[in-house]
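One-based numbering, in listed order, for ligands and for the atoms of each.
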Amino acid sequence: MRNRRQFLHDLSRRAAALALGSLFAAPALRQAAGAATEPPPRGHDPFTLGVASGMPRPDSVVIWTRLAPHPHETGGGMPDAPVKVRWELAEDERFSAGVRRGELLALPQHAHSVHVEVDGLPSATPFFYRFIAGDTVSPLGRTRSAPAVDADVGRLRFALASCQHYEQGMFAVHREIAERELDFVLFVGDYIYESSNPRYLVRPHEAGVPMTLDAYRARHATYKLDADLRAAHAAHPWVMTWDDHEVENDYANDRSPSDLGTDAFLRRRAAAYKAYFEHLPVSPRMAPVGPAMRIHERYEWGRLAELWTLDNRQYRGVQPCSDARGAGGRVLAQCDELGDERRSMFGAEQERWLAQGLAASQRRWKLLGQGTQISDSGIDAPLGRRIFTDGWDGYPAARERLLRAIAEPKLRDVLCLGGDVHRHVAADLRLHANDERSPVVASEFVCSSLTSRGLSEAMTAMLVAANPDIVHGRSDERGYALLDITPAAATCEFRAAPFPVPAGARLSSQASFRVESGRAGVLRA
Ligand code: FE
Ligand code: CA
């Protein structure tokens, strides 16, 4: 009897929560109530940009699409009116088992993008999903929910990827990612590139450097029109953070390395963040407000792992000793600002949130997914050690705080995962880099770029020689990192393709590394 009462109580609470949820979580729908809706234009596939899913939780997952029969046109070829879209998610391909469905309006002010956070799902379950607009059915997507927070999980397997310059190579790496059995894809930034380098041009962007919302939308559309990228999205949920090129190379917080003043740059950042939101499978709760969008998040994978996705662009301090324009990375030997303890990579609030989360974590593996390489990558030169100021080398006090947040609570099994530097890297992390007397407190894997050009191998060899903590570093090949996490060990296989990546390239294994639970530091596998 009590159980039944409890059940009814839970049910009514849930119904109330759902009602409140729809009241507050769907301003778009309310706003559009009573507005005229139109069907999508007949005879044109509105699903040219594919489908995607992301942010897997034990009881929910986000599914995404955008209606755009002509995605390079302003408005995407859609009427300037709300359009009804249905969505379906099920445990089988025929949509007969465990079916969830719903309907919502895709709005012109959001580029007719659709973000649905499907909740109340069973944990650790694979799903199929699709969208229906007018009489057109989208391609089929596959996704999965995360395991229950207290589940004993034997294995987590994911792809770590970043840096996919469309102009500098084909997306064959995504073809392999799509064909793998994975729990998710962890993408750590440079999803689009705003800029071009005419010396390395395999296929052109649709236009020049984007500055406006329409131009950033067109840029995202160019990337999504690639069938291999769409396949990687349709095959797995993605867990995402960003780096700089989603807006502008080397931007820092509200500062642009180009001539834009702060107000104009924040308008540009707002346009870039909005286009990013409209094209990626992130929660509808994450919709940007003006130039602000919170992307940092925490995920749990049963008792096996906890993952923080971190934002090292939006809240960072400006790069030290940058030139008169006020931001931007430089290679330099010494500058007084490097020693300024107040300078931050994550911003004070995110730094605190991460340190508290790390200290409280009850999961075995602690994974940090963020934009770039944490281990030192300076090069010894006659006039002193030269560093690149846009990376963690330009934020030494912030890096020390991060490493202390790991070392002081004596955390074991911390894996730092990054991208940005266009080279595969395996490294040990110590409080005092490259000092054998300083204990290794965490392990680092950085994935090479999917397509973007890397440093010369000669430079990378100098960098590796100058930093004994870097166990492996290679910049001549593109690819991604395949991570396998079990209670006993984490392994990382660096998958590799030549530069520039040709269509249909077959990847090979460049090197593999292992980290044993209870013992920080990377070992050759
Ligand atoms: Fe990059
Ligand atoms: Ca970058």
Open item on the list: Among the N/O/S atoms of Asp244, which is closest to the Ca ion (ligand 2)? Give the atom name.
Closed with: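 When I compare the N, O and S atoms of Asp244, OD1 is nearest to the Ca ion (ligand 2).
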Aromatic plane relationship, [Y] with [X] - under 30° parallel, 30 to 60° tilted, over 60° perpendicular:
X	Y	value
Trp242	Tyr276	perpendicular
Trp64	His115	perpendicular
Tyr251	Phe265	tilted

Exercise. On the ring face of Phe499, is Arg453 found with NZ or CZ under 6.0 Å from the centre and within 45° of the axis?
Worked result: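 Not satisfied by the 6.0 Å and 45° rule.
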Is the cationic atom of Arg313 (NZ for Lys, CZ for Arg) positioned less than 6.0 Å from the six-membered ring centroid of Tyr273 and within 45 degrees of its normal?
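Negative - Arg313 is either too far from the ring of Tyr273 or too far off its axis.
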- Can you tell me the angle formed at the Fe ion (ligand 1) by NE2 of His422 and SG of Cys163, to 10°?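 Taking the Fe ion (ligand 1) as the apex, I get 80° for this pair.
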The Fe ion (ligand 1) - closest N/O/S atom in Asp190:
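Nearest N/O/S atom of Asp190: OD2.
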- prompt: Between the Ca ion (ligand 2) and Asp190, is there an N, O or S atom separated by less than 3.0 Å?
  reply: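 Checking the Ca ion (ligand 2) against Asp190, an N, O or S atom does fall under 3.0 Å.
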Residue pair Pro320 / Leu338: nearest heavy atoms and the distance that separates them:
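Scanning both residues completely, I find the closest heavy atoms to be CG-CD2, 3.8 Å.
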### Query
Do you see an N/O/S atom of Tyr193, backbone or side chain, under 2.8 Å from the Fe ion (ligand 1)?
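Given the 2.8 Å cut-off, Tyr193 counts as a ligand of the Fe ion (ligand 1).
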Is the Fe ion (ligand 1) less than 2.8 Å from at least one N/O/S atom of Asp420?
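So Asp420 does not count as coordinating the Fe ion (ligand 1).
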* With the Ca ion (ligand 2) at the apex, how many degrees lie between OD1 of Asp420 and OD2 of Asp243, rounded to 10 degrees? ->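 OD1 of Asp420, the Ca ion (ligand 2) and OD2 of Asp243 span an angle of about 90°.
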